[in-house]
Amino acid sequence: MTQDITHYAKNRQSAKAYNSTKKISADNIEKIKELLRFSPSSVNSQPWHFILASSDEAKAKIAKSTERLFPFNKKSILDASHVLVFASKLDIEQDYLLRVLKQEEKDGRFVADPVAFKERMHGGRNMFINLHKQDFKDVQHWMDKQVYLNLGAFLLGVSTLGIDATPMEGIEVSVLDEEFGLREKGYSSLVVVPLGYSDDKNDFNATLPKSRLEYSEILTEV
């Protein structure tokens, strides 16, 4: 039976323990990658990079970022079927923006008027990014926010596949960046997300009711 999207919003949980013997299918891994790629971002900037870890060795490298300050996160990382690292760009350079523009052209975004639409898109994107670089001086924070847009869509998306996920900011980003050479590549990690299937016997969160503030607290309808 097809479920309404609100079913998944109301029923997804952040798993607190993972079944280490249950693995995500190859078909669903391809869907996971598509969720990452097709997320929205401001002016289609896509200032992100992801690491998808499936081997025990790769998961152990990610788990190193929890050992000193966040040891309670280590087991979930090691037991999960797969683990994702969400990383943000450290700068948004012209050559990168031109690569985005070239991809948009390849994908047919400018067919109605190739020259004018392409110039307009590139100029508008630069104007917006330069506002954050030069006026607001928050371009790093702005890029991080695009990654979090991706994360939000991703968490809801994987829940529709019956896959559990746990967003974790309890990591030492400097350790994780070093393990994967992220800063040398122009990125820094933000969030780690174990993926897989809850261990029903040990996941205390699996059976707890979801708790959210009432509409009267969070919503004004005008």
Side-chain angles (χ1 to χ4, degrees), residues 1-5 7-41 44-66 73-89 99-100 103 106-107 144 146-171 173 176-177 179-182 185-203 205-206:
M1 184 176 83
T2 302
Q3 298 282 3
D4 184 276
I5 193 68
H7 165 83
Y8 300 101
K10 289 187 280 189
N11 285 277
R12 73 153 301 278
Q13 298 276 11
S14 290
K16 302 302 181 183
Y18 281 87
N19 183 340
S20 61
T21 67
K22 193 171 181 182
K23 303 300 180 183
I24 300 171
S25 69
D27 181 57
N28 277 339
I29 289 299
E30 291 306 309
K31 292 176 183 177
I32 282 169
K33 292 192 289 188
E34 288 189 328
L35 284 171
L36 294 171
R37 186 179 178 212
F38 288 99
S39 171
S41 60
N44 200 30
S45 53
Q46 307 167 68
W48 47 52
H49 189 79
F50 311 98
I51 295 169
L52 179 58
S54 58
S55 68
D56 290 342
E57 180 184 15
K59 288 185 284 185
K61 289 179 71 173
I62 295 172
K64 287 182 183 179
S65 67
T66 68
N73 281 333
K74 183 175 181 178
K75 183 170 172 55
S76 288
I77 290 171
L78 296 177
D79 288 346
S81 170
H82 291 67
V83 183
L84 263 168
V85 177
F86 284 69
S88 176
K89 284 183 70 63
R99 291 201 302 275
V100 172
Q103 185 66 49
K106 179 182 176 183
D107 291 336
D144 292 351
Q146 309 318 308
V147 180
Y148 279 93
L149 279 176
N150 192 309
L151 175 64
F154 179 80
L155 293 174
L156 183 58
V158 295
S159 73
T160 70
L161 301 173
I163 294 169
D164 293 308
T166 308
M168 293 178 175
E169 291 182 308
I171 54 170
V173 297
L176 192 51
D177 290 354
E179 285 294 319
F180 291 96
L182 280 170
K185 297 172 185 174
Y187 298 92
S188 183
S189 54
L190 290 175
V191 184
V192 163
V193 183
L195 297 164
Y197 302 94
S198 171
D199 177 354
D200 293 336
K201 293 182 179 178
N202 295 300
D203 185 355
N205 202 37

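Excluded from the calculations below are hydrogen atoms, water molecules and symmetry mates; all remaining heavy atoms, backbone and side chain alike, are included.
In this structure, the separation between CG on Asn28 and CG on Leu161 is 5.0 Å, given to the nearest 0.5 Å. Rounding to the nearest 0.5 angstrom, the gap separating the CG atom in Leu35 from the CZ atom in Phe154 is 6.5 Å. The CZ atom of Arg37 sits 8.5 Å away from the CD atom of Gln46 when rounded to the nearest 0.5 Å. With values rounded to the nearest 0.5 angstrom, Thr66 atom OG1 is found 12.5 Å from Lys75 atom NZ. A distance of 7.0 Å separates OG of Ser14 from CG of Leu155, quoted to the nearest 0.5 Å. Distance check, rounded to the nearest 0.5 Å: NZ of Lys185 to CG of Leu182 gives 6.0 Å.
With hydrogens and angles ignored, the 3.5 Å screen pairs a side-chain donor or acceptor of Arg12 with a backbone N or O of Ala165. Checked by atom type and distance alone, the side chain of Lys61 pairs as donor or acceptor with a backbone atom of Glu179 at under 3.5 Å. Proximity of a side-chain donor or acceptor of Lys59 to a complementary backbone N or O of Val83 within less than 3.5 Å is not detected. Judged purely by atom type and a 3.5 angstrom limit, Asp177 uses its side chain to pair as donor or acceptor with the backbone of Ser189. Of the possible polar contacts, none joining the Asp79 side chain to the Ala17 backbone as a donor-acceptor pair under 3.5 Å is found. Asp203 contributes a side-chain N or O that, together with a main-chain N or O of Lys16, makes up a donor-acceptor pair within less than 3.5 Å. Side-chain atoms of Ser81 do not come within 3.5 Å of backbone N or O of Gly196 as any donor-acceptor pair. Side-chain atoms of Ser39 do not come within 3.5 Å of backbone N or O of Leu36 as any donor-acceptor pair.
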Quick one, Val173 with Leu190, criterion side-chain contact (heavy atoms from CB on, under 4.5 Å). Give me CA distance, side-chain angles, the key distance, then yes/no. CA-CA 7 Å; Val173 297; Leu190 290 175; over 6 Å; no
Would Met168 and Ser76 count as a side-chain contact (heavy atoms from CB on, under 4.5 Å) if you check the C-alpha gap in whole Å, the side-chain angles of each, and the deciding distance to 0.1 Å? CA-CA 10 Å; Met168 293 178 175; Ser76 288; 3.7 Å; yes
Between Gln146 and Leu149, is the side-chain contact (heavy atoms from CB on, under 4.5 Å) condition met? List the steps. CA-CA 5 Å; Gln146 309 318 308; Leu149 279 176; 3.4 Å; yes
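Closest heavy-atom contact between Ala58 and Phe180: O-CZ, 4.0 Å. Gly170 and Asn73 get closest at one heavy-atom pair: O-ND2, 3.2 Å. Scanning all heavy atoms of the two residues, the minimum distance from Trp48 to Ser41 falls at CH2-CB, 3.6 Å. Taking both residues in full, the closest heavy atoms of Ile62 and Ala53 are given as CD1-CB, 3.6 Å, listed atom of the first, atom of the second, then distance. Counting all heavy atoms, side chain and backbone alike, Ser88 lies closest to Asp144 at OG-OD1, 2.8 Å. When every heavy atom of Ala80 is checked against every heavy atom of Leu195, the shortest pair comes out as CB-O, 3.4 Å.
Here Glu34 does not pair with Lys31 in a salt bridge; the nearest charged N to carboxylate O distance is not below 4.0 Å.
In summary, of the residues considered (Val192, Ile51, Val191, Leu52), a side chain to side chain contact (heavy atoms under 4.5 Å, CB included) with Leu84 occurs for Leu52 alone.
Within the 4.5 Å cutoff, side-chain heavy atoms of Ile163 are placed close to those of Ile32.
The environment of CD in Gln3 is crowded: more than 12 heavy-atom neighbours from other residues, nucleotides or ligands sit within 6.0 Å.
The side chain to side chain donor-acceptor pair (under 3.5 Å) analysis of residues 158-168, with sequence neighbours excluded, yields the pairs Tyr18-Thr166.
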